[in-house]
Amino acid sequence: MSETPPSPSSEEASRERKAVRMIPFIVGCALFMQMLDATVVATAIPAMAASLGTTAVQMNISITSYLLALAVFVPISGWAAERFGARRIFITAIVLFSLSSIACAVSQNLIQLVLARIAQGAAGAMMVPVGRIIMLRKTPKEDLLKAMAFLAMPALLGPILGPPVGGFLVTYASWHWIFLINVPVGILGIYLVMCFI
């Protein structure tokens, strides 16, 4: 005797449970990318300065511009999520973050790098708060504390891993890979958002 196929409602419930489990992971990856990029440049500054024909002291503006853009654009993220939809803004922010990472990698001078870093910071500012909004809306109240605790890990690991990862990539590859590693993570993030959110 053949088994009764699962009803559409049970399939929908199963898919919803899977999405709820995946959302903290997706937002965590976005948060990790944002936090990593805040510190990963620090150890690569001398190599980047030599490549871009500037000094290490002047290169500090590439870190400052990113952090400043993060601070400026965070307040806009909530309004944008309400106005245009959280899912759409989240995907757009991941795409912009990935594209601006490519722009950072192909920069030929300090001005181009700073402009790309501003765009990257703006995207990061939209990406993480909007991801948290999605998580708060989708996660059941009983699982919310666990989901928020999960997000603490990438927030702590990003700044810790940034300098050694930057140093490793500069030593064994080139400074361009500091930014290019964001691209496959961004593509994976877009795919997961499309599937689960």
Side-chain angles (χ1 to χ4, degrees), residues 27-81 89-133 151-190:
V27 178
C29 287
L31 179 59
F32 181 74
M33 275 198 311
Q34 183 205 58
M35 299 301 288
L36 187 73
D37 272 63
T39 57
V40 74
V41 175
T43 49
I45 279 180
M48 293 172 70
S51 175
L52 298 175
T54 186
T55 65
V57 174
Q58 289 177 322
M59 281 298 301
N60 283 326
I61 195 171
S62 66
I63 297 173
T64 308
S65 59
Y66 177 80
L67 295 174
L68 191 59
L70 276 176
V72 168
F73 285 95
V74 162
I76 300 170
S77 60
W79 171 84
I89 293 297
F90 192 51
I91 292 173
T92 302
I94 295 172
V95 170
L96 181 58
F97 194 89
S98 301
L99 292 176
S100 57
S101 295
I102 295 171
C104 287
V106 300
S107 296
Q108 299 298 308
N109 55 53
L110 182 58
I111 293 172
Q112 290 177 5
L113 179 65
V114 168
L115 291 174
R117 288 286 280 173
I118 290 170
Q120 195 181 40
M126 302 294 277
M127 192 166 57
V128 175
V130 173
R132 284 182 174 149
I133 289 170
L151 278 189
M153 284 191 296
L156 294 171
L157 287 176
I160 293 169
L161 293 177
V165 167
F168 177 84
L169 290 172
V170 168
T171 303
Y172 296 103
S174 73
W175 66 266
H176 305 86
W177 286 100
I178 289 171
F179 302 107
L180 292 176
I181 58 171
N182 291 327
V183 177
V185 178
I187 292 169
L188 176 64
I190 293 165

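Because only heavy atoms are used, hydrogens play no part in the values below, and waters and symmetry mates are left out as well, while side chains stay in. Count residues from 1 along the sequence.
- Met126 and Ala93 get closest at one heavy-atom pair: CB-CB, 3.9 Å.
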Do Leu31 and Arg132 pass the side chain to side chain contact (heavy atoms under 4.5 Å, CB included) test, and can you show the C-alpha distance, the side-chain angles, and the key distance before you say yes or no? CA-CA 10 Å; Leu31 179 59; Arg132 284 182 174 149; 3.9 Å; yes
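- Interatomic distance, Leu180 CG to Ser174 OG, rounded to the nearest 0.5 Å: 7.5 Å.
- Residues Ile181 and Val40 form no side-chain contact, since every pair of their non-hydrogen atoms from C-beta on lies 4.5 Å or further apart.
- A donor-acceptor pair is defined here as one N or O able to donate and one able to accept, closer than 3.5 Å; such a pair exists between the side chain of Arg117 and the backbone of Ser62.
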List the steps and the verdict of side chain to side chain contact (heavy atoms under 4.5 Å, CB included) for Val41 and Asp37. CA-CA 7 Å; Val41 175; Asp37 272 63; over 6 Å; no
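- In this structure a side-chain-to-backbone donor-acceptor pair under 3.5 Å is present from Ser100 to Leu96.
- A donor-acceptor pair under 3.5 Å links the side-chain atoms of Thr43 to the main chain of Pro163, judged by distance alone.
- In plain terms, the two heavy atoms of Gly124 and Pro129 that are nearest each other are O-CD, 4.1 Å.
- No side-chain heavy atom of Ile133 sits under 4.5 Å from any side-chain heavy atom of Phe90.
- Side-chain contact check for Gln112 versus Leu52: every heavy-atom pair is 4.5 Å or farther apart.
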If you apply the rule side chain to side chain contact (heavy atoms under 4.5 Å, CB included), what do you find for Phe97 with Val185, and how did you get there? CA-CA 10 Å; Phe97 194 89; Val185 178; over 6 Å; no
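- For the residue pair Met33 and Gly186, the shortest heavy atom distance occurs at SD-N, 4.2 Å.
- Taken from CD in Gln58 to CE in Met48, the straight-line distance is 13.5 Å, to the nearest 0.5 Å.
- Atom CD1 of Ile178 and atom CZ of Phe168 lie 12.0 Å apart (nearest 0.5 Å).
- Rounded to the nearest 0.5 Å, atoms OG (Ser98) and CD (Gln120) are 9.5 Å apart.
- Here the OG1-CG distance, from Thr54 to Asn109, works out to 9.5 Å after rounding to the nearest 0.5 Å.
- Across all non-hydrogen atoms, the minimal contact from Leu161 to Leu36 is C-CD1, 4.0 Å.
- Around the CG atom of Leu188, the shell of radius 6.0 Å holds more than 12 heavy atoms that belong to other residues, nucleotides or ligands.
- Of all heavy-atom pairs between Thr39 and Gly158, the closest is OG1-O, 3.6 Å.
- Of all non-hydrogen atoms in Val170 and Ala44, the two that sit nearest each other are CG2-CB, 3.3 Å.
- Considering only heavy atoms from C-beta on, Val183 comes within 4.5 Å of Ile187 through its side chain.
- Side-chain atoms of Leu70 and Leu67, non-hydrogen and from C-beta on, do get closer than 4.5 Å to each other.
- Between Phe179 and Trp175, the ring planes lie perpendicular to each other; the angle is over 60°, past the 30° to 60° tilted range.
- Counting heavy atoms from C-beta outward, Cys104 and Leu113 have side chains that approach closer than 4.5 Å.
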